[in-house]
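Per chain, numbering begins at 1; letters A, B, ... match sequence-line order. On a predicted model such as this, the values are computed, not experimentally measured, just so you know.
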Amino acid sequence: MSTPVRVRFCPSPTGSPHVGLIRTALFNYAFARHHGGQIVFRMEDTDRERSTQESYDAILDLWRWLGLDWDEGIEVGGPHGPYRQSERGEIYRDVLARLHESSYTYDCFCTNDEVVARRQASGSKMQGYDGFCRDLTDDQRAAFEAEGRNPVVRFRMPDGSITWNDLVRGDITFESENVPDFALSRANGDPLYTLVNPVDDALMEITHVLRGEDLLSSTPRQLALFAALVELGVAREVPAYGHLPYVMGQGNKKLSKRDPEAHALAYRDQGFVPEGLLNYLALLGWAIAADRDIFSLEEMVEKFDIGDVNANPARFDLKKAEAINVSQMRLLSVEEITHRALPFLKAAGVVGDPVSSADAQLLELAMPLVAERINKLTEAPTMLGFLFVDEADFERHDDLDDTARSVVKTAYDALAGLHEWSTAAIEEALRVALIEGLELKPRVAFGPVRIAATGRKVSPPLFESLELLGRDRSLARLHDAMSDPRSDSQPDSQSD
RNA sequence: GCCCCCGUCGUCUAGCGGCCUAGGACGUCGCCCUCUCACGGCGGUAACGCCGGUUCAAAUCCGGUCGGGGGUACCA
């Protein structure tokens, strides 16, 4: 009987959440759910300078939008709380005291400049802390304190080597001599990530740590600390570690917060569906099968194996992300697309909030026309606006030249006498008048009519659109278009 | 400098010794479908960084080399 899997989401609420953060969360999610395990969500807000409530809220928004749920942690509570590290100061102070009692740590009074100066003086090529304060005498301590210096607490790295079997990369070994003693708390007493992250993993009984490759080199330090925590009875066991590959941007650098495509929330705002973003992110380092790349979160959970994760960095490709998103959108029903597009339609003022019953009815008829041709939810308002706008506010976004206006006139004449205002009748009338009568190519014939009726070169299918627009509005717009050039000149001025 | 990670089409990847004259997807190019757009269909393009070894056989295993990335904080 193996111990149940427990993983954690542990973002730092600094700035706008990054897609790499989501990728990491997604893999943790898939791993935990695949094994029927639990997910703990804690906020690592020990950096008081950079942590913000705004960022905290954005992270929660994002997780909820994506549907990455958790079992324990912020917002939902649990037996190992509180789940904001800023509220766990007491716990860290206690652990620090116990580590100190057992001489796992020591006070260090050095400034960074002093360390660098000593390194240079000795001609050492090593960097990082040199262990100067490891064995201070009482007199030395007193001297530093007399200077008014406050010490940081450093962890005493044990001798030997540290090896772990990385879930993604296999055996990795560091020699301790290459891992300098590191600080666990600031001189002002504030705990640092180096302490807080392993301590909480221990206390929250995390069994598997899947995190970004950027943290790989801090793993030997955490493992050494963990060994001490186990000795002290703070930790039950050392979790397994797996380091996920980087998400790269353009060129050969990490996708940074500077890159616009790094901001996860932007995808929601640009009209991606969560299924699309998640599916694309899953592809960054993992594949469900050799010949398939469209799948649901549920399918990912079912098939996910951390051992299958690729160790090499993946470049974020917006084009592919968009393509995957389109594929996911096509899998949604018209009703679902309508539901998802509604906030965008409201925001654009295409429909009111709440939606009137007339608009709701029209929407139900119109959405089938656009659901399968929009690639992002934000395209819905652009495509549907012409149907909902008041006639007084209707405007044409594309121009008509004289030839086009004469086509519109012919179309108007053909439609004005129509007995039945249906898609089929409209199409028949326009084809007879324009294709057969004027002998025009379809695109030359219908383009001007489209612009006249919808205001744009791109719209839902024309005949259906005219039917939905209704006879009166359609004819009025055509009439307006054929007689009202947007320039100063009048249409009949040239016949003088 | 030192330490660690990584190396298959432009990009994401499949491949875990023979099924590979290396498969899929995105991109790109050409064609088809077509009332616009989007979708869709067909076809083309394009990769195992290099050098050694192990083996009857290597993209797959080993060593080296080169290249890329990260770390080397009182950030996370």
> Within this structure, what is the CD-to-P distance between Glu175(A) and C5(B), rounded to whole angstrom?
Replying inline: 12 Å
>> Strictly by Watson-Crick or wobble contacts shorter than 3.5 Å, is anything paired with A46(B), and which nucleotide is it?
In response: none
>> With rounding to the closest Å, how many angstrom separate the C1' atoms on C42(B) and A58(B)?
In response: 36 Å
> Taking the C1' atom of each, how far is A59(B) from U21(B), in whole Å?
Replying inline: 14 Å
> Arg456(A) side chain N/O closer than 4.0 Å to the phosphate oxygens (OP1, OP2) of C37(B)?
Replying inline: no
> From U36(B), C75(B), G70(B), pick the nucleotide closest to the side chain of Val458(A)?
Replying inline: U36(B)
>> Ignoring hydrogens and geometry beyond distance, is the side chain of Arg119(A) in donor-acceptor contact with the base of U72(B) at under 3.5 Å?
In response: no
>> Is there a salt bridge (charged side-chain N to carboxylate O under 4.0 Å, His left out) between Arg84(A) and Glu44(A)? Walk through the geometry before answering.
In response: CA-CA 6 Å; Arg84(A) 292 181 77 149; Glu44(A) 306 222 329; over 6 Å; no
>> By the 4.0 Å heavy-atom rule, please label Pro442(A) as base, sugar-phosphate, or nothing.
In response: sugar-phosphate
> Just checking Thr219(A): base, sugar-phosphate only, or nothing, at a heavy-atom cut-off of under 4.0 Å?
Replying inline: nothing
> How would you label the contact of Ala311(A) with the nucleic acid (heavy atoms, under 4.0 Å): base, sugar-phosphate, or nothing?
Replying inline: sugar-phosphate
>> Distance check needed: A76(B) C1' versus Arg48(A) CZ, whole Å only.
In response: 16 Å
>> Categorize Arg221(A) for me: base, sugar-phosphate, or nothing, with a 4.0 angstrom heavy-atom threshold over every strand shown.
In response: base
>> Distance check needed: A73(B) P versus Asn112(A) CG, whole Å only.
In response: 7 Å
> On a whole-Å scale, what distance lies between the C1' atoms belonging to G15(B) and C9(B)?
Replying inline: 14 Å
>> Would the base of C35(B) count as contacting Arg450(A) through its side chain, where contact means a donor and an acceptor less than 3.5 Å apart?
In response: yes
>> Taking pairing as Watson-Crick or G-U wobble with both contacts under 3.5 Å, can you name the mate of G7(B), or confirm there isn't one?
In response: C66(B)
>> Let's see if you can work this out: which of C4(B), C26(B), C35(B) has an atom nearest to the side-chain heavy atoms of Ala323(A)?
In response: C26(B)
> If you look at every strand shown and take non-hydrogen atoms under 4.0 Å, does Ser459(A) touch a base, only sugar-phosphate, or nothing?
Replying inline: base
>> I'd like to know if Arg340(A) and Glu275(A) make a salt bridge, using a cut-off of under 4.0 Å between side-chain N and carboxylate O.
In response: yes
>> Under a 3.5 Å cut-off for both contacts, is U60(B) paired Watson-Crick or G-U wobble with anything, and if yes, with which nucleotide?
In response: none
> Phe295(A) and side chain to side chain contact (heavy atoms under 4.5 Å, CB included): which partner among Lys303(A), Met300(A), Glu302(A)?
Replying inline: Met300(A)
>> Taking the P atom in each of G53(B) and A46(B), what is the distance between them to the nearest angstrom?
In response: 31 Å
> Under 4.0 angstrom, heavy atoms only, what part of the nucleic acid is Lys319(A) near: base, sugar-phosphate, or nothing?
Replying inline: sugar-phosphate
> Do the charged groups of Arg50(A) and Asp47(A) touch, with an N to O distance under 4.0 Å?
Replying inline: yes
> Are Arg134(A) and Tyr129(A) in a cation-pi setup, meaning NZ or CZ lies under 6.0 angstrom from the ring centre and within 45 degrees of the ring axis?
Replying inline: no
> Atom CD1 of Ile288(A) to atom P of G23(B): distance rounded to whole Å?
Replying inline: 22 Å
> Are Asp401(A) and Arg405(A) within salt-bridge range, i.e. N to O under 4.0 Å?
Replying inline: no
>> Output the rounded distance in Å from CZ (Arg373(A)) to P (C35(B)).
In response: 12 Å
>> Considering every strand and a 4.0 Å limit on heavy-atom distances, what is the contact class for Gly128(A): base, sugar-phosphate, or nothing?
In response: sugar-phosphate
>> Distance check needed: A38(B) P versus Leu462(A) CG, whole Å only.
In response: 17 Å
> What is the nucleic acid contact for Gln85(A), judged by heavy atoms within less than 4.0 Å: base, sugar-phosphate only, or nothing?
Replying inline: nothing
>> Tell me whether the NZ or CZ atom of Arg221(A) lies within the 45° cone about the ring axis of Phe182(A) and under 6.0 Å from its centre.
In response: yes
> Base, sugar-phosphate alone, or nothing: which one does Phe174(A) contact when heavy atoms must sit under 4.0 Å apart?
Replying inline: sugar-phosphate
>> Under a 3.5 Å cut-off for both contacts, is C31(B) paired Watson-Crick or G-U wobble with anything, and if yes, with which nucleotide?
In response: G41(B)
>> Please report the distance separating the P of C12(B) from the corresponding atom of G52(B), rounded so that it comes out in whole Å.
In response: 28 Å
> How far, in whole Å, is U13(B) from G18(B) if one measures between their C1' atoms?
Replying inline: 23 Å
> Counting only Watson-Crick or G-U wobble pairs whose two distances fall under 3.5 Å, which nucleotide matches C75(B)?
Replying inline: none
>> Does C74(B) have its OP1 or OP2 closer than 4.0 Å to a side-chain nitrogen or oxygen of Arg154(A)?
In response: yes
>> I'd like to know if the side chain of Trp421(A) reaches the main chain of Ala425(A), judged simply by a donor and an acceptor atom lying under 3.5 Å from each other, with no hydrogens or angles considered.
In response: no
> Between atom CZ in Phe182(A) and atom P in C74(B), what is the gap in whole Å?
Replying inline: 12 Å
Short N/O separations, protein against nucleotides 9-20 of chain B, under 3.5 angstrom:
unit_1 : atom_1 : unit_2    : atom_2 : d
C12(B) : OP1    : Arg315(A) : N      : 3.1
C12(B) : O2'    : Leu283(A) : O      : 2.7
C12(B) : O2     : Lys320(A) : NZ     : 3.3
U13(B) : OP1    : Gly285(A) : N      : 2.8
A14(B) : OP2    : Asn310(A) : OD1    : 3.0

>> Is Ser218(A) close enough to G71(B) that one of its side-chain N or O atoms is under 4.0 Å from OP1 or OP2 there?
In response: no
> With a non-hydrogen cut-off below 4.0 angstrom, is Thr173(A) in contact with a base, only sugar-phosphate, or nothing?
Replying inline: sugar-phosphate
> Between C35(B), C39(B), C37(B), which one does the side chain of Arg330(A) approach most closely?
Replying inline: C39(B)
>> Quick check for you: among C4(B), C35(B), C74(B), whose closest atom lies nearest to any side-chain atom of Arg186(A)?
In response: C74(B)
> Roughly, in whole Å, what's the span from CG in Leu215(A) to P in A73(B)?
Replying inline: 15 Å
> Any ion pair linking Arg373(A) and Glu379(A) (charged N to carboxylate O, less than 4.0 Å)?
Replying inline: no
> Under 6.0 Å between ring centres, would you say that holds for Phe446(A) and Phe463(A)?
Replying inline: yes
>> Using heavy-atom distances to pick each residue's nearest nucleotide on RNA chain B, tell me which of Asn178(A) and Thr194(A) is more 5'.
In response: Asn178(A)
> Within a radius of less than 6.0 Å around NZ of Lys457(A), do more than 12 heavy atoms belonging to other residues, nucleotides or ligands occur?
Replying inline: no
